[in-house]
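Below: the structure, in structure tokens.
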Amino acid sequence: MERAIPVSERSLALPRITAVVLGAAFVAAAAQISVPLPGTPVPMTLQPLAVLLVGGLLGARLGAASMVLYLALGIAGLPVFTPTVPLLGIARLLGPTGGYLLAYPVAAWVVGRVVAPGLAPGVNTPYWARVAAGVLCGLVLIHVGGLAQLAILTGDISGAARLGTLPFLLGDLGKLAVAVAVLTKLTPAVRARL
């Protein structure tokens, strides 16, 4: 017969800190995979996918904390942001990709909250559908942040959409599919260890 071993908050501190650091490192690595697109100052990267995965796997609090750490590392001048945009440190947050970056903690929090296993007992929604809704919400938030920043910089919301949203929609469908598949499979097991 198995006995439950009580787990204290203190014993979970190291795994949680490690998860936050690894989440930030994962997004930083994904930022290095970048494809400049013609006609837009915003490159296509794997960052949004990484943000969605980190938020879903780590949960709302740890996912958002991981993204805040990621932004802090970039502001400090570490090379964690996409290398194709020639702005360093805090200047990156004020440039054309800053809105996307600033949306990462919020997106990670929302995905982590919606994807939480066992969030709504008794609800007949399949888990994969809740994961898909969370991932879609996260992607929309990232795009809203990017669109807002580009609209401020260009003074034109339709031009901002042409530059920072429309070129990425097809790629984002692929990111959504990958994130839903990964999170549906791995989230319960990862969350059980945090």
Side-chain angles (χ1 to χ4, degrees), residues 23-58 63-64 66-112 114-115 131-183:
F26 181 56
V27 174
Q32 305 314 306
I33 302 167
S34 169
V35 178
L37 296 177
T40 177
V42 181
M44 181 165 298
T45 72
L46 292 179
Q47 279 174 298
L49 175 60
V51 170
L52 301 170
L53 291 174
V54 167
L57 292 172
L58 301 187
S66 188
M67 295 306 95
V68 169
L69 175 61
Y70 170 73
L71 293 177
L73 293 171
I75 289 168
L78 293 171
V80 296
F81 296 142
T82 302
T84 57
V85 179
L87 297 172
L88 298 175
I90 198 158
R92 180 64 67 92
L93 300 181
L94 303 173
T97 60
Y100 299 98
L101 295 169
L102 291 170
Y104 287 173
V106 177
W109 189 91
V110 167
V111 173
V114 174
V115 168
V131 171
V135 169
L136 181 61
C137 287
L139 271 173
V140 167
L141 287 169
I142 291 170
H143 276 284
V144 166
L147 184 64
Q149 180 89 348
L150 285 170
I152 290 168
L153 293 175
T154 63
D156 177 20
I157 191 89
S158 66
R162 235 180 5 267
L163 293 172
T165 298
L166 298 178
F168 302 98
L169 292 179
L170 187 60
D172 282 348
L173 288 176
K175 291 173 190 174
L176 188 135
V178 169
V180 169
V182 170
L183 293 176

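Both backbone and side-chain heavy atoms feed into the values below; hydrogens, waters and symmetry mates do not.
Distance alone, capped at 3.5 Å, is enough to place a donor-acceptor pair between the Gln149 side chain and the Leu94 backbone.
To the nearest 0.5 Å, the span separating CD1 on Ile142 from NZ on Lys175 amounts to 8.5 Å. Separation of atoms CG (Leu139) and CG (Leu52) is listed at 4.5 Å; rounding is to 0.5 Å. The line from CG of Leu57 to CG of Leu183 is 5.0 Å long, rounded to the nearest 0.5 Å. Atom OG1 of Thr97 is separated from atom CZ of Arg92 by 5.0 Å, given to the nearest 0.5 angstrom. Considering CG of Leu71 and CG of Leu93, their distance stands at 6.0 Å, rounded to 0.5 Å.
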Exercise. For the pair Phe81 and Leu73, evaluate side-chain contact (heavy atoms from CB on, under 4.5 Å) and give the outcome as yes or no after the intermediate values.
Key: CA-CA 9 Å; Phe81 296 142; Leu73 293 171; over 6 Å; no

Practice problem: Starting from the C-alpha separation in whole Å, work towards a yes-or-no answer on side-chain contact (heavy atoms from CB on, under 4.5 Å) for Val27 and Ser66. | Solution: CA-CA 9 Å; Val27 174; Ser66 188; 5.9 Å; no

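Across all non-hydrogen atoms, the minimal contact from Val135 to Val111 is CA-CG2, 4.3 Å. Taking all atoms of both residues into account, the shortest heavy-atom contact from Gly164 to His143 is O-ND1, 3.7 Å. Ala133 approaches Val114 most closely through the heavy-atom pair C-CG1, 4.4 Å. Taking all atoms of both residues into account, the shortest heavy-atom contact from Val115 to Gly56 is CG1-O, 4.1 Å. What you find for Ala179 and Leu53 is that their closest heavy atoms are CA-CD2, 3.9 Å. Summarising the geometry of Ala161 relative to Leu147, their closest heavy-atom pair is N-CD1, 3.3 Å, with the distance given to 0.1 Å.
Residue Leu170 qualifies as open at atom CG: its count of foreign heavy atoms under 6.0 Å is 12 or below. For Leu88, the CG atom sits in a loose shell: 12 or fewer heavy atoms of surrounding residues, nucleotides or ligands are nearer than 6.0 Å.
Between the side chains of Asp156 and Ser158, at least one donor-acceptor pair of N or O atoms lies under 3.5 Å.
Annotation: side chain of Phe26 is not in contact with side chain of Val51 (no heavy-atom distance under 4.5 Å).
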Anything under 3.5 Å between a donor and an acceptor, one on a side chain of residues 41-48, the other on a protein residue two or more places apart or in another chain? List them.
from, atom 1, to, atom 2, distance (Å)
Thr45, OG1, Gln47, N, 3.1
Thr45, OG1, Gln47, OE1, 3.3
Gln47, OE1, Thr82, OG1, 3.0
Gln47, NE2, Tyr70, OH, 2.5

